[in-house]
Amino acid sequence: MILNSDFFNRDSLIVWKELLWKKFNFIDSSWYKFSGIINEVEIYKWTEDEASHAYTGKTPRNKVMFETFWHIYVYFVYGMYNCLNFTTEKTWTPGAILIRSIIPIDGIEKMLQNRKTKNLSNLTNWPAKLCQALWIDKSLYWKKLCTKNKIFTEDINYKIKTPILEWPRIGISKAQDKNWRFWFKN
DNA sequence: TATACGATCACCT
DNA sequence: GGTGATCGTATAC
């Protein structure tokens, strides 16, 4: 079952729980298919979250968080990396879930090529590595998560068996008291 | 118009 | 464990 607008049009603190163990699919411009199981996320939530890009208000970069849910928010960091987010929560309520890690399923050959590595365990297990492996960049900004756009999330009826771990988010200097990073071990 | 810095990673010791 | 790479964005002037 493909996850639709109703799935993302909810509180981020609810969406993340159901997003773990879902399958992320991305088919690139040459119809090459990538996919993987989402196993680590972080939540960025208005308005009480100082670490969120949306905290200080709407800007050209973050406006997709304000104006949509069920869409892609890609941003560029540290001069060389991209990070992938899904927007959540109703329009004008900016929320996003950062996809920090997936367990690769389809397209592993090309992921290895894109990342210039032979190390499987090092392939898609951090946000910027994930984008390198799948060649995700700002061209996906504001795309809707649906099959027509060849980028979507899918419920494949995995039952969560592994305990979910909560932890402070990574690489931020503000709002470190929030345990809004969630993941499970492979 | 100028400046400082970040939701990071790879490579070095 | 420490550091350099590298540039879009926000913010200050």
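Because the structure is predicted, anything quoted here is derived from the model rather than measured. A, B, ... follow the sequence lines: proteins, then strands. Residue 1 opens every chain.
Checked against side-chain hydrogen bond (donor to acceptor under 3.5 Å, both in side chains), A:R115 has the following partners two or more places apart in sequence or in another chain: A:Q132. For the side-chain hydrogen bond (donor to acceptor under 3.5 Å, both in side chains) test, residues two or more places apart in sequence or in another chain that qualify with A:S121 are A:N119. In this view, A:Q113 and A:K110 satisfy the side chain to side chain contact (heavy atoms under 4.5 Å, CB included) rule, not counting sequence neighbours. Not a single side-chain hydrogen bond (donor to acceptor under 3.5 Å, both in side chains) links A:T124 to another residue, sequence neighbours left out. Not a single side-chain hydrogen bond (donor to acceptor under 3.5 Å, both in side chains) links A:K143 to another residue, sequence neighbours left out. Under the ring-ring contact (aromatic ring centres under 6.0 Å, His included) criterion, A:W16 pairs with A:F182, not counting sequence neighbours.
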### Query
Does the pair A:F184 and A:W21 meet the rule for a ring-ring contact (aromatic ring centres under 6.0 Å, His included), with working shown?
CA-CA 9 Å; A:F184 57 83; A:W21 276 115; 4.4 Å; yes

### Task
Please report the C-alpha distance between A:F7 and A:F86 in whole Å, then the side-chain angles of each, then the deciding distance to 0.1 Å, and finally whether the ring-ring contact (aromatic ring centres under 6.0 Å, His included) criterion is met.
CA-CA 11 Å; A:F7 182 90; A:F86 301 155; 9.4 Å; no

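Judged by distance alone, with hydrogens and angles left aside, the side-chain atoms of A:D106 form no donor-acceptor pair with the main-chain N or O of A:F34 at under 3.5 Å.
Listed here is the closest heavy atom pair of A:N62 and A:A54: ND2-CA, 3.7 Å.
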Short N/O separations, protein against nucleotides 9-11 of chain C, under 3.5 angstrom:
residue, atom, partner, partner atom, Å
C:dT9, OP1, A:K138, NZ, 2.4
C:dT9, O3', A:R61, NE, 3.4
C:dA10, OP1, A:T59, OG1, 2.3

Under 3.5 Å, which N/O atoms of the protein pair with N/O atoms of nucleotides 8-12 of chain B?
residue, atom, partner, partner atom, Å
B:dT8, OP2, A:G171, O, 3.4
B:dC9, OP1, A:A128, N, 3.3
B:dC9, O4', A:Y81, OH, 3.0
B:dA10, OP1, A:R115, NH1, 2.8
B:dA10, OP1, A:R115, NH2, 3.1

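Spacing between atom OH of A:Y55 and atom C1' of B:dA7 amounts to 17 Å, rounded to whole angstrom units.
Under a 4.5 Å side-chain heavy-atom criterion applied to ILVMFWY residues, the cluster that includes A:W167 comprises A:L165, A:W183 as well.
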### Query
Dot-bracket for DNA chain C: what is it, with Watson-Crick or G-U pairs under 3.5 Å, [ ] where a pair crosses earlier ones, and | for a pair to another strand?
|||||.||||||.

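Sorted by first then second residue, the side-chain hydrogen bond (donor to acceptor under 3.5 Å, both in side chains) pairs that include residues 73-86 of chain A, not counting sequence neighbours, are A:H53-A:Y73.
Within residues 64-73 of chain A, no residue has any heavy atom under 4.0 Å from DNA chain B.
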